[in-house]
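In what follows, a structure is listed as structure tokens, so that the remarks can point back to it.
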Amino acid sequence: MTQPVGIALLGAGNVGGGVLQALERGADRYAARVGRPLEVRRVLVRDTSRKRTGLARRVITDSLDVVLEDDAVRIVVEVMGGEQPAFEHIRRALESGRHVVTANKEVMAKHGGELLRCASAHSVRLLYEASVGGGIPIISPLSRDLLANEITGVTAIINGTTNFMLTAMAQQGSDYADVLAEAQRLGYAEPDPTADVEGIDASYKLAILCGLAFHVDVTPTDVMRAGITGLTARDFRYARELGYAIKLLASGRLIDGELVATVQPAFVALSEPLARVDGVLNAVQVEGDLVGRVLFEGPGAGPMPTASAVLADVLDVARDLVAGRPPAENIAYRRVRVRPASKVTSRFYMRVTVADQAGVLARIATILGKQDISIASVIQFETDPDAGTAELVITTHATPGGKLEAAVRQIQALPVVNEVGNVLPMVGG
Ligand code: NAP
Ligand code: HSE
């Protein structure tokens, strides 16, 4: 009988459950594609007492030692999540000579370099297609299909929860708290939504994408990050009137050898394909010197789309195992300097609540002018006669972030200014 390729799963939750289901459904197809059947030999979970449908009791364990003692396990699939113990488990699996497939963006963003070196040292593979964009193929295109390109930029919507929330704010005119409650009710947002709404999840994914795109070592601390919690229904109304959508944009560029990686809410011109990526969908736009612009779009999460990415990696490794092919060497990454935010140039949108009286606009314009910031447009959108206030929406031409920050500080200090609301970068248009 043909010897199966042994697999162990670390985790059997949303993604692990999807992987197990797909493995059962597609067993014959996968056996034909690999040349041998795949066999799930061990499943590591936290709570071994819980009944798990479709899983034989004998395969379930809470001990990594039990997994690694099984010589027939050739591929370890890490779908448990979190930094620890996932990182240690992946490292030990690689050191034991197992190939590893992971969906873990936090581990790959924080420790990817070290783990890839560990994999090379032990002549095994570490694959992580599912760590960014769920079911969207993006790691493999960046590592293989686009390798001939000098990648000039990666711009992405890589958090489905926040994209769902921002789409709802744009379409329903709702406020942040209401759409968060709706996202939680629908199971998109966690009870503690911090990782999604503060851009932490997206910063992990962007660090992975930038590393691959620019062949540099990037960690989440290299990514400048701002979340969506301060956005208001008014920002969305003004964006629409100006011809923009608001998206939590993850963007990476290498400028004069310095990395600019940001995750922040941004005005995206409605003419840009990313402006039309709505709901829980994710999309990654890559610009290369040979290929031009390519857009990868699809479901960024969910058990079956993520299982699709996990299993693509599993099948790839299994085919190599069956064919006896040695693992390819990883491309060596170098450390890169990060360009400070103050030097990063962008156009900006700014919302300012002011006293509705003569000379106010002139004082704001003077401050901007002194910082060499050129105004692109000014619209007085709203006045409140009772309060004697007006709301000015100012857009600027391209200016370094540092100059805008200095101007905002001075504008904020004017006695005729009640509040400088959101200041957001503008993309496209
Ligand atoms: P999940 O539903 O919370 O499942 C986690 C699984 O890992 C559970 O089976 C849990 O065991 C097990 N586990 C957790 N900590 C453990 C520990 N210390 N020791 C042993 N077992 C442990 O998580 P998930 O949504 O499937 O996500 C898994 C990974 O996939 C994460 O890295 C996530 O970022 C990534 N991912 C998820 C999605 C998605 O749509 N959910 C999309 C892309 C990537 P018990 O069953 O006993 O609790
Ligand atoms: N929390 C993530 C999102 C899903 O909302 O996109 C897993 O990466």
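Indexing begins at 1, ligand by ligand and atom by atom, following the structure's order. Below, each value reflects all heavy atoms present in this structure, side chains not excepted, and no hydrogens, waters or symmetry copies. Note that the structure is a prediction, hence the values are computed from the model and not measured.
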In ligand 1, the atoms that come under 4.0 Å of a heavy atom of Ala12 are 6 (C), 8 (C), 9 (O)
Under the side chain to side chain donor-acceptor pair (under 3.5 Å) test against Glu258, which residue among Lys343, Arg339, Arg253 passes? Arg339
Applying a heavy-atom cut-off of 4.0 Å, say which part of Val45 lies close to ligand 1: side chain, backbone, both or neither. both
Looking at ligand 1, is there an atom of it that comes within less than 4.0 Å of some heavy atom belonging to Glu106? no
Between Arg52 and ligand 1, find which residue part has any heavy-atom pair under 4.0 Å and reply side chain, backbone, both or neither. side chain
Does atom 32 (O) of ligand 1 have any protein heavy atom closer than 4.0 Å? yes
Numbered atoms and elements of ligand 1 in range of Gly11, under 4.0 angstrom, heavy atoms: 6 (C), 7 (O), 9 (O), 12 (C)
Report the part of Val280 (side chain from C-beta onward, or backbone N, CA, C, O) that has a heavy atom under 4.0 Å from ligand 2; answer both or neither where that applies. neither
Under 3.5 Å, is there a donor-acceptor pair between the Asn104 and Thr102 side chains? no
Please determine whether any non-hydrogen atom of Asp62 lies less than 4.0 Å from an atom of ligand 1. no
What part of Asp196, side chain, backbone, both or neither, has a heavy atom within less than 4.0 angstrom of ligand 2? side chain
Classify the contact between Lys205 and ligand 2 as side chain, backbone, both or neither, using a heavy-atom distance cut-off of under 4.0 Å. side chain
